[in-house]
Amino acid sequence: MSDNNYTFENEEYKKAYRHTTSHILAQAVKRLYPDARLAIGPAIADGFYYDFDTAETFTPETLDALEAEMKKIIKEKLSLERFELPREDAIQLMTEREEPYKVELIRDLPEDAVISFYKQGEFVDLCAGPHLDNTGRVKANAMKLTSCTGAYWRGDANKKMLQRIYGTCFMKKDELDEYLARIEEAKRRDHRKLGRELELFALYDEGPGFPFFFPKGMVIRNELESYWRELHQECGYQEIKTPIILNEELWHRSGHWDHYKENMYFTKIDGEDYAVKPMNCPGGMLAYKRRMWSYKDLPMRVGELGLVHRHELSGALHGLMRVRAFTQDDAHIFMTEEHAHDEILGVIQKIDRIYKLFGFEYHMELSTCPEDFIGDDKVREYSERILKDVLDKNGKEYVLNPGDGAFYGPKIDFHLVDAIGRTWQCGTIQLDFQMPERFDLEYTGADGAKHRPIMLHTAAYGSIERFIGILTEHFAGAFPLWLAPVQAIVLPITDRSRDYAETVAARLKDAGFRVETDFRSEKIGYKIREAQMQKIPYMLVLGDKEAETGMVTVRTRAGGDQGAVSLNVFIDSLKQEKKTRVY
RNA sequence: GCUGGUAUAGCUCAGUUGGUAGAGCAGCGCAUUCGUAAUGCGCAGGUCGUCAGUUCGAGUCUGACUACCAGCUCCA
């Protein structure tokens, strides 16, 4: 690499830099724990990791010792030398060095693969590279081991659990500090913490994975649902509600039982087998079948805010982000193949509108059908091409994600980027030729004959619960006016202003706002502090001056004291802000 | 589910080598009527996650279970 490549702007260099640091980690582990067996240790998005098989378990104290050893290795300025070996010699070398995992990796390499090693001092590792030329190039003070945890060999839950050490490294200490600050910021925004502090929602031991929503959290939920209804009505959707429990036979018909029974909850009613729905679509199919439809009724757009239950593994649960009961903002479109292009594009535009409203950037991923796709190859190829064409013909950029689609079809996923740069998969558009077939859906064509519609399964929020979790972290609890559980709080300075404060609060309430008052005999600074911590968008500080003039002194949570305005002007501007849903 | 860790008041945390619990904030009461992020004083609040065990004695030691945390796996 030439000198001007020595920067993290160059992705290749960054990878080589971090990969080299992971080798330094492995070398340090081998020095301190000679019996440790090496598995793999790649560079990843935020740094690197290395997996080891050791007798003793690593602890944070171990990490400190390893970090010190790594710094020594950096100081030793060991040069990295690459060499290649024929397969048998490579296996022999790794066998001699007692590295069974490396031997397994070599045996699994393709016949014609070049087998290369990197050597630094006494340390040798099987590795394709590339690497830096010297361990001294790694900045010792811009490197940190962040955590240690278990990880399965080759990512397989049936294989042995190894010990993984995560670390990160940069070219400058400032960059490391900035990274660590970002981690701290994420902790500060943790929706589990904010959810409790702002009294939005919580999870209790009594219902792992089953969230409680408190009055203030319900305000946010209801506002999100109102907006969803408003938008879907405008986009020509009808709304339905289908049952949470349906008989087991339905789930055999849909294919969910075959593909998903481990994650479903079952129950018995009058001796018959029933299942709690993990998805809304089968219910949607039955709703479609209530009567015969004409081709003139298509495309038929149907939405459902449906509560689904999925048995997630206990270790996978995480606040509102991963729960066992959640509400999907499902929207199904029944249509003909001629409709497909415009309908898919319409949904893309709809989802775009929703994300923009919250200030999310996003990117799309096209996921093709998985191995266990239930349709034939012709449909697989055809449906994937339809999605691809919509994206290509409309100049949409996307990432290809092979084999990650649903068992009934390919999909376009929306990955949004939040205020501190994390990505979340939320929206989805799934093209499905299978369910209409399985449920024998029909419509009468212009030719008078019966035809089979196709369908789209779509969601924008994905899960309302999870979306609220994401929004909480995105806004750090400071929700835009239209979502804020309390939109304004009236803070009289003394009891003399109590009547005026009550009048102001009543006026705001009449204008449709969620208002609170704080009449406690506390100093104004105390009341303001509390309102700030509750992240209430507007505080109205009212004293003798305001009562005399009929004005209100406005304080915003972000901008502090805004001075006095007339109550009417304030209410008008608030109405505008609420209506436009700006943030 | 797997690996490791954690569990003390509503919240955040102290609690020495085992000798039967403590602070701040929040809550309640009283005083204070104050102009943009914490007024003072007082009161109340915990069978120390649950169940066993060791011990004269367990918040402290052991085991099982539950939940949570960090990852892994999974997320149709």
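Numbered from 1 within each chain, the chains take letters A, B, ... in sequence-line order.
Shown here, rA7(B) forms a base pair with rU66(B); the pair counts as Watson-Crick or G-U wobble because both key distances fall under 3.5 Å. The partner of rC48(B), taking Watson-Crick or G-U wobble pairs whose two distances both stay under 3.5 Å, does not exist in any strand shown. Shown here, rC2(B) forms a base pair with rG71(B); the pair counts as Watson-Crick or G-U wobble because both key distances fall under 3.5 Å. rG29(B) and rC41(B) make up a base pair, with Watson-Crick or G-U wobble contacts both under 3.5 Å. In a base pair of the Watson-Crick type (N1 to N3 plus N6-O4 or O6-N4) or a G-U wobble (N1-O2 and O6-N3), with each distance short of 3.5 Å, rU17(B) is matched with no nucleotide. Figure legend. rA23(B) is base-paired to rU12(B); pairs are counted as Watson-Crick or G-U wobble with both atom distances under 3.5 Å.
Every pair passing side-chain hydrogen bond (donor to acceptor under 3.5 Å, both in side chains) that includes a residue from residues 307-316 of chain A is listed here, sequence neighbours excluded: Y265(A)-H311(A), E312(A)-R322(A).
Distance check: Y33(A) OH to L66(A) CG gives 5.5 Å after rounding to the nearest 0.5 Å. To the nearest 0.5 Å, atom CE of residue M143(A) and atom CG of residue L176(A) are 9.0 Å apart. For the atom pair OG (S254(A)) and CD (Q434(A)), the distance works out to 12.5 Å, reported to the nearest 0.5 Å. With values rounded to the nearest 0.5 angstrom, D413(A) atom CG is found 4.5 Å from S367(A) atom OG.
Checking rU39(B), rG1(B), rA37(B) against every side-chain atom of K523(A), the shortest atom distance belongs to rU39(B). Nearest to the side chain of T149(A), among rA70(B), rU39(B), rC74(B), sits rA70(B). Of the listed nucleotides (rA37(B), rU32(B), rC11(B)), rU32(B) has the atom at the smallest distance from the side chain of S521(A). For R192(A), the listed nucleotide lying nearest its side chain is rC69(B); candidates were rA76(B), rC69(B), rU36(B). In this structure, the nucleotide among rC74(B), rG71(B), rU73(B) sitting nearest to the side chain of M161(A) is rG71(B).
Nearest-nucleotide assignment on RNA chain B puts the 5′-proximal partner with E530(A), out of G207(A) and E530(A). Annotation: of the two residues near RNA chain B, L313(A) and M533(A), the 5′-most nearest-nucleotide partner is L313(A).
Comparing rU17(B) with rU73(B), their P atoms are spaced 40 Å from each other, to the whole Å. Taking atom P in both rG19(B) and rA58(B), one finds a spacing of 11 Å when rounded to whole Å. Between rA67(B) and rC25(B), the distance separating the two P atoms is 35 Å to the nearest Å. Comparing the C1' positions of rU60(B) and rU16(B) gives an interatomic distance of 11 Å, to the nearest angstrom. For rC43(B) and rG24(B), the P atoms lie 12 Å apart once the distance is rounded to whole Å. rG57(B) and rG5(B): their C1' atoms are spaced 30 Å apart (whole Å). Rounded to the nearest Å, the gap between the P atom of rC69(B) and that of rU62(B) is 25 Å. Separation of the P atoms belonging to rG27(B) and rA70(B) is 29 Å when rounded to the nearest angstrom.
No hydrogens or angles were tested; on distance alone, a donor-acceptor pair under 3.5 Å links the side chain of Y152(A) to the base of rG1(B). No donor-acceptor contact under 3.5 Å links the side chain of Y526(A) to the base of rA38(B). For R322(A) against rC74(B), a side-chain-to-base donor-acceptor contact under 3.5 Å is present.
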- request: Please assess R192(A) against D190(A) for the test salt bridge (charged side-chain N to carboxylate O under 4.0 Å, His left out), listing each intermediate value before the final yes or no.
  value: CA-CA 5 Å; R192(A) 292 166 299 188; D190(A) 192 315; 2.5 Å; yes
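Between the side chains of K277(A) and T242(A), at least one donor-acceptor pair of N or O atoms lies under 3.5 Å.
In this structure, CG of L317(A) is placed 12 Å from P of rA70(B), rounded to the nearest angstrom. Rounded to whole angstrom, the span from the CG atom of L203(A) across to the C1' atom of rC11(B) amounts to 17 Å.
Between K527(A) and E530(A) no salt bridge is recorded (no basic side-chain N to carboxylate O distance below 4.0 Å). Looking at E197(A) and K193(A), a side-chain N of the basic residue comes within less than 4.0 Å of a carboxylate O on the acidic one, giving a salt bridge. Ion pairing of K30(A) with E99(A) is present here, as a side-chain N (NZ or NE/NH1/NH2) and a carboxylate O approach within less than 4.0 Å.
Only at 4.0 angstrom or more do the heavy atoms of residues 369-383 of chain A sit from any atom of RNA chain B, so none qualifies. Near RNA chain B, defined here as any heavy-atom distance below 4.0 Å, the residues from residues 540-562 of chain A are V541(A), G543(A), D544(A), K545(A), E546(A), T553(A), R555(A), D561(A), listed numerically. Looking at residues 493-501 of chain A, you'll see I493(A), T494(A), D495(A), R496(A) sit with a heavy atom under 4.0 Å from some atom of RNA chain B. Within residues 400-413 of chain A, the residues having any heavy atom under 4.0 Å from RNA chain B are, by residue number, A406(A), F407(A), Y408(A).
Between Y288(A) and H332(A), the distance from one ring center to the other does not fall under 6.0 angstrom. In this structure, F52(A) has its ring center closer than 6.0 angstrom to the ring center of Y50(A). If you look at Y382(A) and F433(A), their ring centroids are closer than 6.0 Å.
Taking only side-chain nitrogens and oxygens, R324(A) never comes nearer than 4.0 Å to OP1 or OP2 of rC75(B). Distances shorter than 4.0 Å separate none of the side-chain N or O atoms of H318(A) from OP1 or OP2 on rC68(B). In this structure, R310(A) does not reach the rC74(B) phosphate: none of its side-chain N or O atoms is under 4.0 Å from OP1 or OP2.
In this structure, H256(A) reaches the bases: a heavy-atom distance under 4.0 Å links it to at least one base atom across the strands shown. Residue S147(A) is out of contact with every strand shown, counting any heavy-atom pair closer than 4.0 Å. Across all strands shown, Q163(A) has no heavy atoms under 4.0 Å from either base or sugar-phosphate atoms. Using a 4.0 Å heavy-atom distance criterion, R520(A) is classed as a sugar-phosphate-only contact. At a threshold of 4.0 angstrom between heavy atoms, the contacts of Y166(A) are confined to the sugar-phosphate backbone, with no base atom among them. G525(A) comes within 4.0 angstrom of sugar-phosphate atoms only, judged by non-hydrogen atoms across all strands, and of no base.
When each of D108(A), L162(A), D51(A) is paired with R154(A), the side chain to side chain contact (heavy atoms under 4.5 Å, CB included) condition holds for D108(A) and for no other. Just one of L508(A), V490(A), L481(A), I489(A) meets the side chain to side chain contact (heavy atoms under 4.5 Å, CB included) condition when paired with Y538(A); it is L481(A).
Checking side-chain atoms of D329(A) against main-chain N and O of Y461(A) turns up a donor-acceptor pair under 3.5 Å.
Figure legend: R164(A) and Y49(A) shown as a cation-pi pair, the cationic atom lying under 6.0 angstrom from the six-membered ring centre and within 45 degrees of its axis.
With sequence neighbours excluded, the residues that form a salt bridge (charged side-chain N to carboxylate O under 4.0 Å, His left out) with E185(A) are R188(A), R189(A).
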